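Proteins get letters first, then strands, A, B, ... in listed order; numbering begins at 1 in each. Because the structure is a prediction, the values reported are computed rather than measured.
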Amino acid sequence: MLGLILRRLVQMALIMVVASFILFVIFDTPAFKKKIAIAELGGFAVSALSEEDYQNWLEQKGLNVPFFQRYANWIGNITTGDFGKSFEKNTAVGPLLLDRLKNTGILAFWVFALMIPISLVLGVLAGMKEGSAQDRTISFISVFTTSIPEIATAIILTVIFALGLGWLPAKSAMTQGFDWRQLVLPVLTLVTYDFGYVARMTRASMAEVMTSQYIRTAVLKGIPYRQVIMKHALRNALIAPFTVIVLQLNWLLSGVVVVEVFFQYDGFGKLLLEAALFGDVYVVQAATLVAVIVAVLSQIISDIGYTLLNPRIRFS
Amino acid sequence: MSTAVATAAPPRTPLLQRLSQPRPLILLLLLMWLPLMAQVMAGNYLGPLRNIIMLPGIPAAVILYVLAFRAWRESWVATLGLTLVFFWILVALSAPFLPLLDPNKPIAPFTLPFTEKRDVFFWLGTDLKGRDMLARTLWGCQRVLVWGVTATAVAYVVGTLFGLLAGYLSGWWDEIISFVANVFLSFPVMVLFIVILNYLGPSGFNIVIAVTFASAPAIMRIVRGLTLDIKTRDYVFAAQTRGESPLYIMLVELLPNARGPIIVDACLRLGYTTVAITTLTFLGLGLQPPDPDWGLMIKEAAKTAMLFKFSYMLIIPALSVSSLILGFNLMADGLREMSLRD
């Protein structure tokens with residue numbers, strides 16, 4: 001068991017190193033260096049610079065040191081918490097990113113708090129009686145809601161609840177401090193898009209368990225149906241959805257971009273997109289790295305959790 | 001006796017059944033697809049030809065729809081999805097011949113749906129620049145369809161190739177390919193899109209590259225799993241004993257027998273890619289103006305149409321893209337259901 005966890009961790013560490021290396025290869029190209037120059041000096045100044053002046057500027061910034069040395073420096077700086085400085089916002093990247101991650105964390109917490117119970121209950125209800133009207137209705141609803149992209153869900157919810165009924169604010173910029181009413185529409189959008197997928201996974205797992213021998217035995221023994229479901233079926237049926245739910249963290253980091261941009265919520269996704277469009281290289285680097293770390297960590301947790309929950313599984 | 005058999009007319013197979021053979025199907029698909037692709041990717045170089053080449057595509061699409069409907073009629077979910085998808089394909093092919101206004105010509109800004117202005121009746125109103133929403137919506141499906149399908153197809157070719165290599169050759173090939181795939185899979189998809197498109201610059205072709213990087217690793221995993229399963233079958237051993245080359249075995253023995261799950265996954269992935277393209281265009285990293293596109297319509301209206309009265313500018317493209325994606329997903333769902341039944 002410990003060996004397995006250790007091997008996963010080593011594998012994940014290797015993935016992190018390679019991923020950061022690939023990112024650095026992209027960020028080390030001349031085109032990207034020019035972007036840094038333009039962000040720092042302005043477009044006019046860069047086009048007016050002679051080749052020699054440009055080289056001097058690179059040297060002054062420490063951008064023309066050999067590739068591997070820069071990579072080592074970059075990693076070294078990150079481990080001491082120095083992510084560089086944002087050109088657009090003129091602040092250190094570290095605290096800025098931390099602040100935005102906190103906002104996205106609040107969003108993610110409410111998404112999971114709503115999505116997990118809804119999808120598990122619906123999935124179990126559908127998988128309990130495979131092929132019944134109840135199953136078909138829930139399955140169709142979950143295909144339907146997952147088919148509407150986040151951007152369309154965001155639009156429809158905004159038009160109904162903000163523009164039409166006027167119950168909720170249309171934008172979530174939170175300019176006057178934290179306001180839970182501004183959080184409702186972004187959370188609802190993400191939950192609507194995501195619950196169907198988890199519900200379908202739960203349904204498949206539940207349906208499989210319900211056809212197994214021990215459930216049939218329990219039913220034939222005369223145990224009340226309710227008790228068969230609660231005591232025998234659920235325990236085994238909820239193992240597979242657990243991994244799916246943890247992996248949704250990875251998906252959330254993608255989905256959150258468009259929702260945060262649409263609702264103007266100051267989170268991680270909006271920061272990353274704005275930085276990418278502005279050419280704010282250090283922010284893009286740091287944000288991407290954080291996203292990969294979160295994704296990799298969620299994979300480790302789901303792997304290890306799956307092994308712990310399911311004693312029958314042993315990776316050889 | 002033998003002459004009698006030879007002279008007897010062979011039983012005539014119905015036309016529709018003869019068309020359902022692989023070769024006519026591929027021909028029909030090409031006939032439908034190539035004009036659309038030419039129109040979207042190289043429309044400016046075709047001149048007056050660009051609309052005429054669409055003509056043979058329309059009957060081809062209708063025949064394909066009838067054939068697919070016949071084959072999948074046992075699943076109403078699949079046929080509903082098929083109908084949605086082919087509705088948009090037909091609209092994309094016939095857009096030049098429909099009596100529509102110029103989608104790029106400003107006429108009367110902020111005209112509400114079902115109203116008449118300047119002697120023109122606007123079914124769906126006009127957008128903030130005064131361009132007809134109906135024309136923009138119908139023309140807009142061309143770009144989404146063509147780039148979505150092209151990107152998915154390229155990702156599939158790359159992913160299947162590496163999946164076959166990893167699954168069939170095993171050993172070091174498998175280790176290396178799987179590791180590289182794991183590296184790409186550890187990026188959240190949208191983050192990968194933003195980094196790649198930020199580096200390459202926004203355009204349709206670069207979306208194809210970005211989608212390939214994001215989807216091919218997942219496709220590779222699926223194909224690798226299928227290959228590992230099929231590899232142990234007797235007909236593969238037979239081919240190996242005959243002395244066939246690994247390439248022949250991979251493409252002729254393994255790939256056709258893995259097609260079922262691949263087709264279902266392809267339908268799902270077409271939906272994902274359509275979402276990605278629309279979202280990326282909305283974020284300003286995808287297709288560029290002025291040609292109409294659903295993501296672009298949302299992006300342009302998102303700043304100005306924040307009043308209930310003008311919300312049709314957002315709702316119409318949002319519903320259009322949802323219906324197309326719903327079509328792909330229902331098709332995938334129905335096909336999976338049918339494959340499980342057999």
Quiz prompt | Main-chain N/O of A/Pro149 paired with A/Thr153 side-chain donor or acceptor, under 3.5 Å | solution = yes
Quiz item: Does the A/Ser254 side chain pair with the main chain of B/Met190, one donor and one acceptor, at a distance under 3.5 Å?
Solution: yes
Side chain, backbone, both or neither: which part of [X] has a non-hydrogen atom closer than 4.5 Å to chain B?
| X | value |
| --- | --- |
| A/Ile156 | both |
| A/Thr146 | backbone |
| A/Leu14 | both |
| A/Phe262 | both |

If we define contacts as heavy-atom pairs under 4.5 Å, which of [options] has the most with chain B?
| options | answer |
| --- | --- |
| A/Ile160, A/Ile148, A/Ile293, A/Val159 | A/Val159 |
| A/Leu273, A/Val143, A/Val261 | A/Leu273 |
| A/Thr158, A/Val296, A/Leu272 | A/Leu272 |
| A/Ile155, A/Val284, A/Ile151 | A/Ile155 |

Quiz item: Salt-bridged, B/Glu300 to B/Arg136, with N to O below 4.0 Å?
Solution: yes
Practice problem: Taking only Lys NZ, Arg NE, NH1 and NH2, and the carboxylate oxygens of Asp or Glu, determine whether A/Glu208 and A/Arg203 approach each other closer than 4.0 Å. | Solution: no
Pick one of side chain, backbone, both or neither for [X], based on which atoms fall under 4.5 Å of a heavy atom in chain A.
| X | answer |
| --- | --- |
| B/Phe187 | both |
| B/Leu314 | both |
| B/Phe328 | neither |

Practice problem: Mind listing the closest non-hydrogen atom pair of A/Val111 and A/Val191 along with its distance? | Solution: O-CG2, 3.7 Å
Quiz item: Of all heavy-atom pairs between B/Ala78 and B/Met338, which one has the smallest distance, and what is that distance?
Solution: CB-CE, 4.1 Å
Return the option, out of [options], with the maximum number of heavy-atom pairs under 4.5 Å with chain A.
| options | value |
| --- | --- |
| B/Gly295, B/Ala332, B/Ala318 | B/Ala318 |
| B/Val195, B/Ile196, B/Leu326 | B/Leu326 |
| B/Asp333, B/Thr279, B/Val275 | B/Asp333 |
| B/Ile325, B/Leu185, B/Asn182, B/Val180 | B/Ile325 |

Practice problem: Determine whether the aromatic ring centres of B/Trp294 and B/Trp88 lie less than 6.0 Å apart. | Solution: yes
Side chains of [X] and [Y] in contact at under 4.5 Å (non-hydrogen atoms):
| X | Y | result |
| --- | --- | --- |
| B/Leu82 | B/Trp72 | yes |
| A/Leu107 | A/Tyr265 | yes |
| B/Gln142 | B/Trp139 | yes |

